**Student:** 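Once you've had a glance at the structure underneath, I'll fire off some questions.
Proteins get letters first, then strands, A, B, ... in listed order; numbering begins at 1 in each. None of the values given here were measured: they were computed from a predicted structure.
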2 protein chains.
Amino acid sequence: MANQAMPDYETVSGRLKLLAHPERLRILDALRRDAECVCHLEALLGKPQPYVSQQLRILRDAGVIRDEKEGINVFYRLIDAELIGWLEAILGPVQGEHPEMARHKKVISCSCPKCEPAPIPLMHEPA
Amino acid sequence: MANQAMPDYETVSGRLKLLAHPERLRILDALRRDAECVCHLEALLGKPQPYVSQQLRILRDAGVIRDEKEGINVFYRLIDAELIGWLEAILGPVQGEHPEMARHKKVISCSCPKCEPAPIPLMHEPA
DNA sequence: GCAATATATGCAAAAACCCGCATGTGACAT
DNA sequence: ATGTCACATGCGGGTTTTTGCATATATTGC
């Protein structure tokens, strides 16, 4: 009999603001596939590093992503289940790897673990 | 073979901004159930009429709602299928009538057709 | 220790948004 | 035509957002 509870529009719209920004949305679309380090996100957005870190901070302060330090790098992971659901409804389901991301990974070659899939033992000497 | 096309984050985030506002979200949550006239939305929000009209204008200019004049009243209807889907993912499915809306309908008694379900023929004279 | 790399933070100007208020318009009745 | 009711529009100021840039911190290697 009880009708549904009214949603807290204030809270919901506050969380929607996180998505309602093109660069943050792009970041979240990348992170919902896999954790990424800042250097890769920087290449993906094509924006200066402080800019990327600032958007990441907004998302981190809101509690939707978590930073995982790995040596000199920091990987960010999308940890908010509700937001993952919203992204699926808005951007569609995840299919395979992020194309832009994959392209940038081949290009920037930072020192993060993902860029060195196998620490090749480095043969004697080249010609 | 073709990976999914990149969404236009600019466009999507622009549409998300429509939802990322508590009062607009409340309006949309009401309109996804049924068309409503401005006077009822005014009662729902508890805000002055020009304020409500301004939010309605933003939604109308974005093309997600349509105004239908009916005599002296104006009814607004949610006409964007994509947005309806997003709202369902974010606020949950529609179940029954909007409780707040129903309550306000009993209280404000404006002249709109919805407030007079049957134009009672008005008997001779009361006691 | 020092240098280099990866990332974070602080600040300020520009832009956008939010919102109240005065006023405009259009329909209907008298 | 005058008034009234329902709604729309314009405008201005206050607040937040956005974003570029300078700088700070932390880790690694030397």
**Student:** May I ask whether V64(B) and F75(B) are part of the same hydrophobic cluster, defined by side-chain heavy atoms of I, L, V, M, F, W, Y residues being less than 4.5 angstrom apart, directly or through others?
**Tutor:**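 They do not share one cluster, since no chain of ILVMFWY contacts under 4.5 Å joins V64(B) to F75(B).
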**Student:** When the distance from CG of L41(B) to P of dA6(D) is rounded to whole Å, what number comes out?
**Tutor:** 14 Å
**Student:** Could you state the CG-C1' distance from N73(B) to dA29(C), rounded to the nearest angstrom?
**Tutor:**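 The distance from CG of N73(B) to C1' of dA29(C) comes to 15 Å, rounded to the nearest Å.
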**Student:** By the 4.0 Å heavy-atom rule, please label F75(B) as base, sugar-phosphate, or nothing.
**Tutor:** nothing
**Student:** How close or far is atom P of dC18(C) from atom OH of Y9(A), stated in whole angstroms?
**Tutor:** 18 Å
**Student:** Find out if a path of hydrophobic residues (ILVMFWY) with successive side-chain heavy-atom gaps under 4.5 Å connects L45(B) to L78(B).
**Tutor:** yes
**Student:** Find out whether D29(A) and R32(A) are in side-chain contact, i.e. whether some heavy atom of one side chain is under 4.5 Å from a heavy atom of the other.
**Tutor:** yes
**Student:** Just distance, no hydrogens or angles: give the donor-acceptor pairs under 3.5 Å from side chains in residues 48-63 of chain B, sequence neighbours left out.
**Tutor:**
from	atom 1	to	atom 2	distance (Å)
Q49(B)	NE2	S53(B)	OG	3.1
Q55(B)	OE1	R24(B)	NH1	2.9
R60(B)	NE	Y76(B)	OH	3.4

**Student:** Ignoring hydrogens and angles, answer whether the base of dA6(D) and the side-chain atoms of Q49(B) contain a donor-acceptor pair closer than 3.5 Å.
**Tutor:**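 Under the 3.5 Å cut-off, the side chain and the base do not form any donor-acceptor pair.
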**Student:** Applying side chain to side chain donor-acceptor pair (under 3.5 Å), can you list everything that pairs with D80(A), at least two apart in sequence or on another chain?
**Tutor:**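 Only R15(A) meet the side chain to side chain donor-acceptor pair (under 3.5 Å) criterion with D80(A).
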**Student:** For L25(B) and L87(B): C-alpha separation, side-chain torsions, deciding distance, then whether side-chain contact (heavy atoms from CB on, under 4.5 Å) applies.
**Tutor:** CA-CA 9 Å; L25(B) 188 57; L87(B) 288 169; 3.9 Å; yes
**Student:** Could you give the angle between the helix axes at the two ends of the helix from dG1(C)-dC30(D) to dT30(C)-dA1(D), with five pairs per end, rounded to 10 degrees?
**Tutor:**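 The value is 10°.
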**Student:** Would you say the side chain of L28(A) lies within less than 4.5 Å of the side chain of I65(A), judging by non-hydrogen atoms?
**Tutor:**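 With C-beta onward as the side chain, the pair touches.
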**Student:** Identify which nucleotide among dT9(C), dA6(D), dA22(C) has an atom closest to any side-chain atom of P50(B), counting heavy atoms from C-beta outward.
**Tutor:**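 Selected nucleotide (nearest to the side chain): dA22(C).
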**Student:** Give me the residues of residues 18-26 of chain A where at least one heavy atom lies under 4.0 Å from an atom of DNA chain D, by number, or none.
**Tutor:** H21(A), R24(A)
**Student:** For DNA chain D, find the residues of residues 53-71 of chain B with a heavy-atom distance under 4.0 Å and give them by number; none if there aren't any.
**Tutor:**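 Going residue by residue through residues 53-71 of chain B, the ones with a heavy atom under 4.0 Å of DNA chain D turn out to be S53(B), Q54(B), R57(B), R60(B).
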**Student:** Please list, chain by chain and in numerical order, all residues satisfying side chain to side chain contact (heavy atoms under 4.5 Å, CB included) with A20(B), sequence neighbours excluded.
**Tutor:** L16(A), K17(A), A20(A)
**Student:** Going by salt bridge (charged side-chain N to carboxylate O under 4.0 Å, His left out), name the residues that satisfy it together with E42(B), two or more places apart in sequence or in a different chain.
**Tutor:** none
**Student:** May I have the distance from E36(B) (atom CD) to dA6(D) (atom C1'), rounded to whole angstrom?
**Tutor:** 16 Å
**Student:** Does dC19(C) have its OP1 or OP2 closer than 4.0 Å to a side-chain nitrogen or oxygen of Y51(B)?
**Tutor:**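 True: Y51(B) side-chain N/O within range (under 4.0 Å) of dC19(C) OP1/OP2.
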**Student:** Which residues pass the side chain to side chain donor-acceptor pair (under 3.5 Å) test with E88(B), sequence neighbours left out?
**Tutor:** none
**Student:** State which residues pass side chain to side chain donor-acceptor pair (under 3.5 Å) with R77(A); sequence neighbours excluded, sorted by chain then number.
**Tutor:**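 Here the qualifying residues are E68(A).
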**Student:** With nearest nucleotide decided by heavy atoms, which residue, P48(B) or K17(B), maps closer to the 5′ end of DNA chain C?
**Tutor:** K17(B)
**Student:** What is the distance from NE2 of H40(B) to C1' of dC5(D), rounded to the nearest Å?
**Tutor:**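 In whole Å, dC5(D) C1' and H40(B) NE2 are 15 Å from each other.
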**Student:** Please pick, from dC5(D), dT7(C), dT27(D), the nucleotide with the shortest atom-to-atom distance to any side-chain atom of I72(B).
**Tutor:**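 Nearest to the side chain of I72(B) among the choices is dC5(D).
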